[in-house]
Amino acid sequence: MSHPIGIGILGAAGRMGRMLIQAVVEQPGAQLAAACDRPDAPECGQDAGTLAGVGSLGVPLGRSPRDLFAASDVVIDFTVAAATRDHADLALASATPLVIGTTGVDMATRQHLEHIARSLPLVYAPNYSVGVNLMFKIAAEVARVLNDGYDIEILETHHRHKVDAPSGTALRLGEVIADAVGRNLSEVAVYGREGHTGPRNPHTIGFATMRAGDAVGEHTALFAGLGERLEITHRASSRMTFATGAVRAAMWVAQKPAGLYDMRDILGFR
Ligand code: NAD
C-alpha cells in the first residue's frame with residue numbers, strides 16, 4: 001500500500017478549518033500531518049482532532065505556519081486574505097503544493113499567486129463545491145444564449161460573520177458570465193444601487209448582497225427579459241461540501257506539476 005498523503009490545515013480552529021480536519025480524517029489515502037492557526041488563537045496547543053470533534057489525532061494545533069509547511073505533503077489554507085501572500089511564499093520556499101480557499105484576495109495578491117504557480121502546483125478557488133462549479137458552467141451557457149435583451153443580476157446570501165462582499169463565488173460567477181458574453185466584469189459590474197440611479201444600463205451585471213443569520217452560502221444568477229425570467233440557484237446547506245471538495249483538490253494537486261488550477265480543473269468542468 002502506498003504512503004498516505006499528509007495534509008496540513010492552516011486556519012484549523014476556524015469554521016472551515018474544523019470541517020477540513022473532519023474531511024481529511026474521512027478521506028481514504030490521506031492523513032492529518034499538521035494543523036495551525038494564528039499564534040494568539042486560544043485553541044493553540046489543543047489536539048486538532050478533539051477540536052474538530054473527531055476524537056484525538058495526536059496532532060496539536062500549532063502556531064508556526066513554517067513548521068506546518070515543513071511537516072506536510074500538501075497544505076489547505078482557509079484563513080484571511082491578509083495572510084494569503086505570506087502563506088503562498090512559505091509554500092514556495094518549502095516546495096509544498098497549496099490549496100487556497102480564502103476569499104477577498106486583492107488583485108495584487110492574485111497576480112502574485114499566478115507568479116508563484118509557475119514554480120508550484122497551486123489550487124485557488126472561491127468555492128470548492130461540485131454544485132457551484134457546475135453552476136459556473138451552466139450559467140455561462142445560458143448567458144451565451146440570452147446575451148441580448150436579458151438583464152443579468154447576481155444575488156448572494158451569507159451568514160453574519162462573513163467579512164468580504166460580494167462573495168468570492170458571486171464575483172467568479174460574474175467573471176464567468178461576463179466572459180461568456182464578451183464583456184469585462186471590471187467595466188460592467190454594479191455593486192449595489194442607491195438613490196436616483198436612472199434606468200438600467202443593459203450591459204451592466206448587477207450584484208446584490210445579503211448578510212443574515214447562519215446562511216452557509218446561496219447564489220443566484222438571474223437572467224430577466226420582457227415577459228420571462230430564468231434563475232439558476234445554488235444553496236449550500238453544510239460547509240462539509242466545501243471541505244470535501246478542498247480535500248479532493250489537495251489529493252489531486254499533490255500529484256500535479258506546477259500550475260494555477262481551480263476546482264473546474266479537478267472536476268473536469270472546463
Ligand atoms: P473563520 O473566521 O471561522 O476561520 C478563519 C481561521 O483562520 C480563524 O481560526 C483564524 O484565527 C485563522 N487565521 C487568521 N489569520 C491567520 C493566520 N495568519 N495564520 C493562521 N490562521 C489564521 O472563517 P471561515 O468561515 O472558516 O472562512 C475562512 C475563509 O474561507 C474566508 O475567506 C471564507 O470566505 C473562505 N471560504 C471559502 C470557501 C470556498 O469554498 N473557497 C468556503 C467557505 C469559506
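When a ligand or atom number is given, it counts from 1 through the structure's own listing order. All of these numbers come straight from a predicted model, not from anything done at the bench.
Atom 38 (C) of ligand 1 has its closest protein heavy atom at F78 CE2, 3.4 Å. The single protein non-hydrogen atom nearest to atom 8 (C) of ligand 1 is D37 OD2, 3.7 Å, given as residue, atom name and distance. Scanning the protein for heavy atoms near atom 27 (O) of ligand 1, the closest one is M16 CG, 4.3 Å. Protein heavy atom in closest approach to atom 40 (O) of ligand 1: Y128 N, 3.0 Å. Protein heavy atom in closest approach to atom 22 (C) of ligand 1: R38 CG, 3.5 Å. For atom 4 (O) of ligand 1, the closest non-hydrogen atom of the protein is G14 CA, 3.3 Å.
The shortest N or O to N or O distance between R239 and ligand 1 is not under 3.5 Å. Here's the thing with K162: one of its N/O atoms is less than 3.5 angstrom from an N/O atom of ligand 1. The distance criterion of under 3.5 Å between nitrogen or oxygen atoms is met by R15 with respect to ligand 1. On a distance-only criterion, A125 and ligand 1 share at least one N/O pair closer than 3.5 Å. Considering backbone and side-chain N/O of V80, none are found under 3.5 Å from N/O of ligand 1. By the 3.5 Å distance cut-off applied to N or O atoms, A83 is not counted among the residues near ligand 1.
Between the choices T79, V105, L10, T103, the shortest heavy-atom distance to atom 29 (C) of ligand 1 belongs to T79.
The part of F242 lying near ligand 1 is the side chain, judged by heavy-atom distances below 4.0 Å. Residue contacts with ligand 1 for P126 involve N, CA, C or O but no side-chain atom from C-beta outward (heavy atoms, distance under 4.0 Å). With a 4.0 Å heavy-atom cut-off, ligand 1 is reached by the side chain of H87 but not by its N, CA, C or O.
When atom types are taken as modelled, the side chain of T96 and the backbone of S94 share a donor-acceptor pair closer than 3.5 angstrom. In this structure, the side chain of D47 does not engage the main chain of P60 through any donor-acceptor pair within 3.5 Å.
A donor atom on one side chain and an acceptor atom on the other are found under 3.5 Å apart for T220 and T233. For the residue pair N201 / T204, no side-chain donor-acceptor distance below 3.5 Å is found, with atom types taken as modelled. Under the 3.5 Å distance criterion, with hydrogens and angles disregarded, a donor-acceptor pair is assigned to the side chains of E156 and H158.
Electrostatic pairing of R193 and E153 counts as a salt bridge here, judged by a charged N lying under 4.0 Å from a carboxylate O. We find that E141 and R144 are not joined by a salt bridge, their nearest charged nitrogen and carboxylate oxygen being 4.0 Å or further apart.
Through chains of ILVMFWY side-chain contacts below 4.5 Å, L90 is grouped with L10, L68, F69, V75, L92, L98, I100, V105, L113, I116, L120, L122, Y124, L260.
With sequence neighbours left out, the side-chain hydrogen bond (donor to acceptor under 3.5 Å, both in side chains) criterion links S129 to N127.
Crowding of D40 atom CG: a count of heavy atoms from other residues, nucleotides or ligands under 6.0 Å exceeding 12.
Here F223 and Y150 keep their ring centres 6.0 angstrom or further from each other.
The ligand atoms of ligand 1 that sit less than 4.0 angstrom from a heavy atom of G101 are 30 (O), 35 (C), 36 (N), 37 (C), 38 (C), 39 (C), 41 (N).
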